[in-house]
Structures are given as C-alpha cells and as structure tokens.
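Have a look at the structure below, then the notes.
If you're wondering where the values come from, they're calculated on a predicted model, not measured in any experiment.
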Amino acid sequence: MSDFTSDFWSIYIAGVTVVSILACLLLLWFSGKARAMTADDNTTGHVWDGDLREMNNPLPRWWAWLFVITIVFALGYLVLYPGLGSYAGTLGWTQIGEFKAEVAAGERETAPLYAKFAAMTPEAIAGDPQAQAIGERLFMNNCSQCHGSDARGAKGIPNLTDGDWLHGGTPDKIKETITLGRIGNMPPMAAAVGNAEDVKNLANYVLSLSKSPNDSVRAALGKEKFVVCAACHGMDGKGNQALGSPNLTDGIWLHGFGENAIIAMVNNGKVNQMPAQADRLNVNQIQVLASYVWGLSNNTAKPK
C-alpha cells in the first residue's frame, strides 16, 4: 500500500499529462513538415469509386491555429487548476471547496426559513405544510435509500411508520439518532443457551411472547433459557430502548419472522448500523427531518 501513498504516482500522472501535450505539438509540427509522395497533379495515387482521388493539400491554417489554441488552453488550465498530479494550481481551486461554497450559499438562502422552524415545536413543525414538504425532500434525499420512499423499511431496516422504536420515538430521540447514528449489536448466544434443541426451544418461547404460532411444549422448555436474553430484552421481553434491544412481545420482527429466523439470530447474532448524518445535514435540517419522521408514526400531526 505504500506505493499508493508515495510521490511516485503524482509525478507519474504529471509526467504522462505533460508528455501527452508535447506529443500533440510534435504531431502538429510533423504533419506540417511531412510530405507524401505525390504525382504531378498533387494526388497521392489513391483512388476510390473510379474517380475520387486523394489530394495532398496542407491542413487548413485555421484548423492548425485552433489546434495550437487548445494546447495553450490546456497548459494555462494546468497552471491555474489541479491536473498535474498533486499540484494544486495557482488558484487553489478544489471540488470540495466548490461544494462547500455552494452548500454555504444554499444555507444562507434558506436561513430565514429555517429560523422560522427553529422557533416552532416538533409537533408544530410536523403539522406545517411547508416544513413537511421540506422534510419529505430531506427524507427522500437522505433516508429513502434504506427506509424506502414510503418509510416502511425492509427486512433488517426499521419501519418508521409503525410507532415501534428501538431507541425511542420522541422527537429528541429521533434527532439524536439522525445526528449520531446507531449501531445495534446482537451477539451470537447459542453457546450460552445450550445445544441445538435448547436454541429451538428458546425460539418457540420467544414466539410465545408475542402470541405468535409456536410449539407450546418447546416454549415451556425454553422459558428457563430466556434468562440468557433477559439482560438486554428484560425478563418480560419488552426490550430496552437505552440499549436499543427490541421488544419481543409486539409481533414486529425486524430481521424476519418464525422459528428459523429466531434460531438464526441466536446462532449468528446480528450487527446493524444507522450511519450518522451530522456531516451531511446541518442542525436546522435535522430538526425538520426529525419532526417529519416523528409525524410519520403520529398521524395526529397532519398538515392542515
């Protein structure tokens, strides 16, 4: 990997760029000096379709000068802008700098609008048509790739419309999740539970907590094994939002439903990550987005 962080590649790219431009100049000079063997009538002897003869006329002067201008432009560009390896250019222009400048300009333009929302409660923002339109656009641009355009999620990705929250569904908690992200970790627990039969019994007991179809005999045998899970999910199986551990009694299954899905979870564990958005969205945008998401599962906050 050290080869990719040394100065060699920067020098290599700069060298290839300069040589390519000089090669264009050499080609132009050579094409102007070289003379093909021609007959007395200035033809090369190549004939097509019986009477279409190739002439040996020089390149048009306007074309040659246009070619020279493009080379001069290229040299000037490489002096002003980055293009020669790690050389930054005399103007100091960067794509990142351009992006940040455009973002800052956009934030200045929308600052009065977001100042209005900053003075409103999350509930009021969730009921404001203008804020909802902005929140929806923020959601579509930053959240829908995982949670879906309808916010109903998918296997392994939470549904944001059902009121079931791993870390809490208050506006402040949603804002915290968007800002900092979340990492959920269910460690493999099969070794602590026992053998394969014990894991199967435990899976049926977990199903019984939500009154889902289960083998009642196996569920009774698996109840005592649930103590392994209770540290996170609680003895009643209702979960713990401080830890992000799911409620096992509500019939909502993030990673799949049924005996096999639960057995796989106990055997293999699961790690989920919600990436932090603080580096992509500013505080005001997060406030509007969090209020919009809160409104998805609180239908009383509908735009009037």
Side-chain angles (χ1 to χ4, degrees), residues 96-185 238-247 249-255 272-304:
I96 295 176
E98 184 79 5
F99 170 75
K100 290 182 177 179
E102 291 184 6
V103 169
E107 290 181 349
R108 288 193 298 271
E109 185 176 343
T110 58
L113 178 62
Y114 280 111
K116 165 191 169 184
F117 299 142
M120 299 167 60
T121 65
E123 293 79 5
I125 294 175
D128 184 273
Q130 188 178 35
Q132 284 290 282
I134 295 173
E136 181 180 22
R137 182 51 50 197
L138 289 170
F139 182 88
M140 295 299 291
N141 288 342
N142 300 279
C143 313
S144 63
Q145 295 85 346
C146 294
H147 292 281
S149 58
D150 59 359
R152 294 187 181 276
K155 184 177 180 180
I157 301 173
N159 181 347
L160 302 179
T161 69
D162 59 6
D164 183 69
W165 299 92
L166 294 177
H167 296 275
T170 65
D172 285 341
K173 276 296 181 182
I174 297 173
K175 186 187 300 185
E176 180 182 293
T177 297
I178 295 172
T179 303
L180 304 177
R182 300 288 186 186
I183 296 180
N185 185 8
K238 292 186 180 295
N240 186 338
Q241 291 185 347
L243 300 175
S245 54
N247 181 349
T249 70
D250 58 8
I252 296 175
W253 304 93
L254 182 59
H255 297 285
N272 257 21
Q273 181 173 2
M274 153 73 186
Q277 301 295 311
D279 58 341
R280 301 181 60 183
L281 303 173
N282 61 40
V283 174
N284 294 324
Q285 289 173 323
I286 290 175
Q287 179 186 17
V288 172
L289 177 57
S291 299
Y292 171 80
V293 172
W294 178 84
L296 293 175
S297 59
N298 292 269
N299 297 324
T300 55
K302 287 290 187 182
K304 296 179 180 179

message: To the nearest 0.5 Å, what is the distance between CD on Q287 and CG on L281?
response: 13.0 Å
statement: To the nearest 0.5 Å, atom OG of S144 lies from atom CG of L160 at 11.0 Å
field: Crowding at CD, Q145 (>12 non-hydrogen neighbours, <6.0 Å)
entry: yes
query: Are I125 and Y292 close enough that some pair of their side-chain heavy atoms sits under 4.5 Å apart?
result: no
- prompt: Are any non-hydrogen side-chain atoms of R182 and E176 less than 4.5 angstrom apart?
  reply: yes
- request: For N272 and G156, work out which heavy atoms get closest and say how close.
  value: ND2-O, 2.7 Å
- prompt: So do the side chains of K175 and W294 get within less than 4.5 Å of each other, counting heavy atoms only?
  reply: no
- prompt: Would a 4.5 Å heavy-atom cut-off, applied to side chains only, mark P158 and L254 as touching?
  reply: yes
- request: Could you check N247 against I252 for side chain to side chain contact (heavy atoms under 4.5 Å, CB included), going step by step and ending with a plain yes or no?
  value: CA-CA 8 Å; N247 181 349; I252 296 175; over 6 Å; no
- prompt: Roughly how far apart are E136 CD and L289 CG, rounded to 0.5 Å?
  reply: 11.5 Å
query: When rounded to the nearest 0.5 angstrom, what is the spacing between CZ in R152 and CD1 in I157?
result: 15.0 Å
Atom pairs and distances, side-chain donor-acceptor, residues 162-171, under 3.5 Å, sequence neighbours left out:
residue, atom, partner, partner atom, Å
D162, OD1, D164, N, 3.0
T170, OG1, K173, N, 3.2

query: When rounded to the nearest 0.5 angstrom, what is the spacing between CD in Q273 and SG in C146?
result: 10.5 Å
message: If the condition is side-chain hydrogen bond (donor to acceptor under 3.5 Å, both in side chains), which residues does N282 pass it with, not counting sequence neighbours?
response: E107
Spatial distance of atom OG1 (T179) from atom CD1 (I174) [nearest 0.5 Å]: 11.5 Å
query: Looking at side-chain heavy atoms only, is the closest gap between T110 and I134 below 4.5 Å?
result: no
message: Measuring only between side-chain heavy atoms, which start at C-beta, is Y114 closer than 4.5 Å to V283?
response: no
- request: Not counting sequence neighbours, which residues clear side-chain hydrogen bond (donor to acceptor under 3.5 Å, both in side chains) with K116? List them please.
  value: Q130
task: Decide yes or no on side chain to side chain contact (heavy atoms under 4.5 Å, CB included) for H147 and F139, but give the supporting numbers first.
output: CA-CA 9 Å; H147 292 281; F139 182 88; 4.0 Å; yes
field: Nearest atoms (heavy-atom pairs only) where R280 meets N142
entry: NH2-OD1, 3.3 Å
